Engineer: 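Quick one: the structure is below, questions incoming.
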Amino acid sequence: MTEQSAEPRVAAAIVLAAGSGTRMKSVKSKLLHEVAGRSLVSHAIRSGESIGPDRLVVVVGKLREQVEPHLAEVAPEVTIVPQTDDGYGTGHAMRCAMSALGEVTGEVLVVGGDVPMLQPETLAEMVAAHRAERAAITVLTARVPDPTGYGRIIRGADGGVDRIVEQKRGTAEELEVDEINSSIYLFDGSVLTDGLARLTDDNAAGEYQLTDVIGMAREAGRRVSAYLTTDTWQTEGVNDRVQLAAMHAEMNRRILRRWMLAGVTILDPATTWIHDAVELATDVTLLPNTSLEGATSVASGAVIGPDTTLLDCEVGAGARVVRSQAQLVVIGPGATVGPYSFLRPGSELGDGSKVGAFVETKNTKLGAGAKAPHLSYLGDGVIGEGANIGAGVIFANYDGVSKGTTTVGRSSFIGSNSTLVAPRDVADGAYVAAGSIVTNDVESGQLAVARGQQRNINGWVGRKRPGTTTAAAAEAAGNQTSSSSDTGDDTGNPTANDTGIDTGERA
């Protein structure tokens with residue numbers, strides 16, 4: 001369980017996540033749909049954990065075969081309780097939860113599994129108010145412009161909650177009330193246990209309803225309080241895709257505002273999306289159409305965007321990433337990426353390194369100052385400090401069965417349009433000539449040349465492409481049959497000196 005202070009510690013927290021979620025119209029459980037990079041149920045668990053419960057229970061129902069593995073991943077410390085098939089409603093779900101908890105001494109928090117905006121500060125204040133008023137039950141409430149569909153809070157003469165009236169059972173006068181039930185409660189454990197034991201399903205819905213416990217407490221002379229929040233978003237649940245989108249937009253707006261107030265420049269908040277777990281330093285700049293997702297962190301002075309998506313990435317101070325996509329990547333201080341780069345998991349860019357336009361990397365490490373500026377695929381590689389990778393270079397890392405590693409040493413140069421067939425080592429201070437297919441290791445100080453010899457065939461254009469504009473141009477240049485610039489004969493025998501080979505270096 002997350003480490004918490006002694007206050008406002010409670011005995012238990014229960015997350016009700018057994019609903020069917022049919023209005024989502026999804027093969028995926030509603031609880032697994034995400035807002036700001038976290039599942040709905042994960043948000044609920046974090047809220048419950050914030051007040052330091054001794055135990056936390058999640059009640060699951062339909063599609064629990066999807067929810068349970070997710071809970072094991074994101075919150076292995078929680079107790080998962082399935083809602084059995086012998087009853088329906090929130091009251092029955094609570095019975096299942098309390099059976100798993102056993103005898104409870106102290107307070108029990110109840111939250112829905114689809115209320116992602118609930119804040120720890122609100123719950124802490126609710127617990128404090130509950131204790132100050134010596135209440136048996138406290139209900140989190142809000143006043144909304146349109147309360148249709150919500151249970152209405154009907155207050156008594158003492159200002160406490162007299163009862164909660166559901167939409168389909170309320171009188172015209174009761175339905176005029178704009179204070180609504182959030183279905184977030186704090187119970188005295190003994191009051192809850194006693195009430196659940198006396199619940200029946202003798203109502204219009206044919207369900208065991210948790211709200212009936214409130215009426216029982218009032219009849220027994222116990223105080224039921226309402227803690228009213230002015231932030232109505234904290235009481236909003238998600239039942240369909242429209243509400244999901246609205247919730248995501250509102251949470252993103254708040255996340256952006258928080259980061260801007262903390263010293264982050266966001267040029268266009270309307271097109272910038274930041275997940276809840278992202279960490280940003282002061283003086284980070286985010287340009288339009290940027291999405292920072294997962295556990296991405298960005299250090300001071302870095303500039304991200306425009307048109308960039310980073311998922312679970314670490315970006316160093318002063319780095320620059322433009323029009324690119326990266327996942328599970330480390331981008332070192334002062335490094336530059338893009339435009340149109342694709343950095344796949346396992347890539348690491350050293351200080352001041354460069355991955356340029358239309359370059360894809362996968363599980364490749366670039367040393368400090370190393371460069372791959374253009375049009376390359378670098379898979380399963382280790383590139384030393386100061387090395388230069390020319391345009392169009394490919395690390396051929398896969399032989400159809402296994403992956404091999406290509407190593408390029410410190411300050412080495414790989415010429416344009418070369419293919420290095422893994423596993424392969426190019427040592428420190430070596431060159432590979434442009435257009436080479438390297439199938440042997442290259443030692444320090446060597447130049448590797450691995451390409452077919454060039455043939456220049458005299459008169460070919462005139463013979464093979466007569467009547468074309470190319471032939472006319474050659475004839476006009478007087479080179480149709482001239483041999484003044486020949487570098488080989490008709491047999492293709494080379495006459496060029498190999499000391500003039502272009503290595504294809506690119507800055």
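Bear in mind that the values here come from a model prediction, so they are computed numbers and not experimental data.
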Engineer: So, taking the atom named OG1 in T79 and the one named CD1 in I14, what distance separates them when rounded to the nearest 0.5 Å?
Structural biologist: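 CD1 of I14 is found 10.5 Å from OG1 of T79.
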Engineer: Supply the atom-to-atom distance T171 OG1 to E176 CD, rounded to the nearest 0.5 angstrom.
Structural biologist: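 Rounded to the nearest 0.5 Å, the OG1-CD separation comes to 9.5 Å.
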Engineer: Can you find a heavy atom in the side chain of V115 that is under 4.5 Å from one in the side chain of T235?
Structural biologist: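 When only atoms from C-beta onward are counted, T235 and V115 do not touch, as no gap falls below 4.5 Å.
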Engineer: Would you find more than 12 non-hydrogen atoms of other residues, nucleotides or ligands less than 6.0 Å from R257 atom CZ?
Structural biologist: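 Counting other residues, nucleotides and ligands, CZ of R257 stays at 12 neighbours or fewer.
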Engineer: Is it the case that more than 12 heavy atoms not belonging to E250 sit under 6.0 Å from its CD atom?
Structural biologist: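 Result for CD/E250: enclosed.
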Engineer: Nearest 0.5 Å, please: how far is OG1 in T336 from CD1 in I331?
Structural biologist: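 Separation between the atoms: 10.0 Å.
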Engineer: Determine, step by step, whether S291 and E293 satisfy the side-chain hydrogen bond (donor to acceptor under 3.5 Å, both in side chains) criterion, reporting the C-alpha distance in whole Å, the side-chain angles of both residues, the deciding distance to 0.1 Å, and the verdict.
Structural biologist: CA-CA 6 Å; S291 183; E293 303 175 2; 2.8 Å; yes
Engineer: I'd like to check I180 versus T232 (side-chain heavy atoms, cut-off strictly below 4.5 Å). Are they in contact?
Structural biologist: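 In short, these two side chains do not touch, never coming nearer than 4.5 Å.
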Engineer: Heavy atoms only: give me the nearest P269-L256 pair and the separation to one decimal.
Structural biologist: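 In this case the closest contact between P269 and L256 is O-CD1, 3.4 Å.
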Engineer: When you compare the side chain of L287 with that of V303, does any pair of heavy atoms fall below 4.5 Å?
Structural biologist: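 Contact flag for V303/L287 side chains = yes.
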Engineer: Is a salt bridge present between E49 and R46, judged by a nitrogen-to-oxygen distance below 4.0 Å?
Structural biologist: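 Salt bridge: no.
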Engineer: Tell me the closest heavy-atom pair linking V15 and G113, and the distance in Å.
Structural biologist: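 Heavy atoms only, the tightest pair is CG1-CA, 3.8 Å.
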Engineer: If you measure from the Lys or Arg side-chain nitrogens to the Asp or Glu carboxylate oxygens, is any gap between R131 and E107 under 4.0 Å?
Structural biologist: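 Yes, this pair counts.
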Engineer: Check whether more than 12 heavy atoms from other residues, nucleotides or ligands sit under 6.0 Å from atom CD of E103, and answer yes or no.
Structural biologist: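 Not buried by this count: 12 neighbours or fewer within 6.0 Å.
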Engineer: Using modelled atom types and a 3.5 Å cut-off, is there a donor and acceptor pairing between side-chain atoms of E179 and backbone atoms of T141?
Structural biologist: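 Side chain of E179 to backbone of T141, a donor-acceptor pair under 3.5 Å: no, none is there.
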Engineer: Examine distances only and state if a side-chain atom of H70 and a backbone atom of L32 form a donor-acceptor pair shorter than 3.5 Å.
Structural biologist: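 Looks like no, no N/O pair under 3.5 Å.
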Engineer: So, does K403 use its side chain to make a donor-acceptor pair with the main chain of G379 at under 3.5 Å?
Structural biologist: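 Flag not set: sc K403 to bb G379 has no pair under 3.5 Å.
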Engineer: Using a 4.5 Å cut-off on heavy atoms from C-beta on, say whether the side chain of R323 contacts that of P306.
Structural biologist: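 Touching, per the 4.5 Å side-chain cut-off.
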Engineer: Among N181, L186, V111, L118, which residue meets the side chain to side chain contact (heavy atoms under 4.5 Å, CB included) test with L140?
Structural biologist: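 Exactly one candidate clears the test, L118.
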Engineer: Could you go step by step and tell me if E360 and R344 meet the side chain to side chain contact (heavy atoms under 4.5 Å, CB included) rule?
Structural biologist: CA-CA 7 Å; E360 179 179 350; R344 292 166 58 192; 2.8 Å; yes
Engineer: Rounded at 0.5 Å granularity, tell me how far OG in S20 sits from NZ in K30.
Structural biologist: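 Reported to 0.5 Å precision, the distance equals 8.0 Å.
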Engineer: I'd like to know if R163 and E174 make a salt bridge, using a cut-off of under 4.0 Å between side-chain N and carboxylate O.
Structural biologist: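 Salt bridge flag = yes for E174 with R163.
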Engineer: Going through the checks in order, is the side chain to side chain contact (heavy atoms under 4.5 Å, CB included) test met by R223 and D158?
Structural biologist: CA-CA 9 Å; R223 179 167 180 77; D158 61 355; 3.3 Å; yes
Engineer: Take D212 and Y208 through the side-chain hydrogen bond (donor to acceptor under 3.5 Å, both in side chains) test and state the conclusion after the steps.
Structural biologist: CA-CA 8 Å; D212 289 345; Y208 297 92; over 6 Å; no
Engineer: Just do the side chain to side chain contact (heavy atoms under 4.5 Å, CB included) check on L280 and L292 with the steps written out, would you?
Structural biologist: CA-CA 10 Å; L280 304 175; L292 304 182; 3.7 Å; yes
Engineer: With a 4.5 Å limit on heavy-atom distance, are the side chains of Y377 and K362 in contact?
Structural biologist: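 Yes. Closest side-chain heavy atoms under 4.5 Å.
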Engineer: Using modelled atom types only, decide if a donor and an acceptor are shared between the side chain of R152 and the backbone of Y150 within a distance under 3.5 Å.
Structural biologist: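 Checked: pair present.
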Engineer: Please check if the side chain of N252 supplies one atom and the backbone of I274 the other of a donor-acceptor pair under 3.5 Å.
Structural biologist: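 Checking the backbone N and O of I274 against the side chain of N252, a donor-acceptor pair under 3.5 Å is found.
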Engineer: If the threshold is 4.0 Å, N to carboxylate O, is there a salt bridge linking R222 and D194?
Structural biologist: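 No, R222 and D194 are not salt-bridged.
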Engineer: Is there a donor-acceptor pair under 3.5 Å between the side chain of D312 and the backbone N or O of A295?
Structural biologist: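 Checked: pair present.
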Engineer: Between V60 and L71, is any pair of side-chain heavy atoms under 4.5 Å apart?
Structural biologist: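 Contact flag for V60/L71 side chains = yes.
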Engineer: So, does Q66 use its side chain to make a donor-acceptor pair with the main chain of S29 at under 3.5 Å?
Structural biologist: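 Side chain of Q66 to backbone of S29: a pair is present.
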Engineer: What pair of heavy atoms forms the shortest contact from A299 to G316, and how long is it?
Structural biologist: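 Minimum heavy-atom separation between A299 and G316: CB-C, 3.6 Å.
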Engineer: Once you round to the nearest 0.5 Å, how far does CD of Q119 lie from CE of M117?
Structural biologist: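 The CD atom of Q119 sits 6.5 Å away from the CE atom of M117.
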Engineer: For the residue pair F358 and Y340, does the interplanar ring angle fall in the parallel (under 30°), tilted (30 to 60°) or perpendicular (over 60°) class?
Structural biologist: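 If you compare the ring of F358 with that of Y340, the planes turn out parallel.
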Engineer: If I compare all heavy atoms of A277 with all of R38, which pair ends up nearest, and what's the gap?
Structural biologist: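 Scanning both residues completely, I find the closest heavy atoms to be CB-NH2, 4.0 Å.
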Engineer: Shortest non-hydrogen contact from Y185 to M126?
Structural biologist: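 The answer is C-CE, 3.8 Å.
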Engineer: Could you go step by step and tell me if D146 and T148 meet the side-chain hydrogen bond (donor to acceptor under 3.5 Å, both in side chains) rule?
Structural biologist: CA-CA 6 Å; D146 181 9; T148 303; 2.7 Å; yes
Engineer: So do D231 and T122 actually touch side chain to side chain, heavy atoms under 4.5 Å?
Structural biologist: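 When only atoms from C-beta onward are counted, D231 and T122 do not touch, as no gap falls below 4.5 Å.
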Engineer: I'd like to know if the side chain of S324 and the backbone of T308 have a donor-acceptor N/O pair within less than 3.5 Å.
Structural biologist: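 Here the side-chain-to-backbone pair does not exist.
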Engineer: Kindly indicate whether the side chain of N397, heavy atoms from C-beta on, has any atom under 4.5 Å from the side chain of T406.
Structural biologist: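 No. Closest side-chain heavy atoms not under 4.5 Å.
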Engineer: Using only atom types and a distance under 3.5 Å, with no angle test, would you say the side chain of S376 pairs donor to acceptor with the backbone of L378?
Structural biologist: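 No, S376 side chain to L378 backbone: no donor-acceptor pair under 3.5 Å.
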Engineer: Enter the distance from T211:OG1 to L199:CG here, rounded to the nearest 0.5 Å.
Structural biologist: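 Those atoms lie 8.5 Å apart.
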Engineer: Kindly give the heavy-atom pair with the smallest separation between T105 and A11, and that separation in Å.
Structural biologist: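 Closest approach of T105 to A11: O-CB, 3.5 Å.
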Engineer: Donor-acceptor check, side chain of R320 to backbone of G305, threshold 3.5 angstrom: yes or no?
Structural biologist: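 Looks like yes, one N/O pair under 3.5 Å.
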Engineer: For the CZ atom on R198, are there more than 12 heavy atoms of other groups (residues, nucleotides or ligands in this structure) within a distance under 6.0 Å?
Structural biologist: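 Atom CZ in R198 is packed in, count exceeds 12.
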Engineer: Q234 and S182: side chain to side chain contact (heavy atoms under 4.5 Å, CB included), yes or no, with the steps?
Structural biologist: CA-CA 9 Å; Q234 294 194 51; S182 68; over 6 Å; no
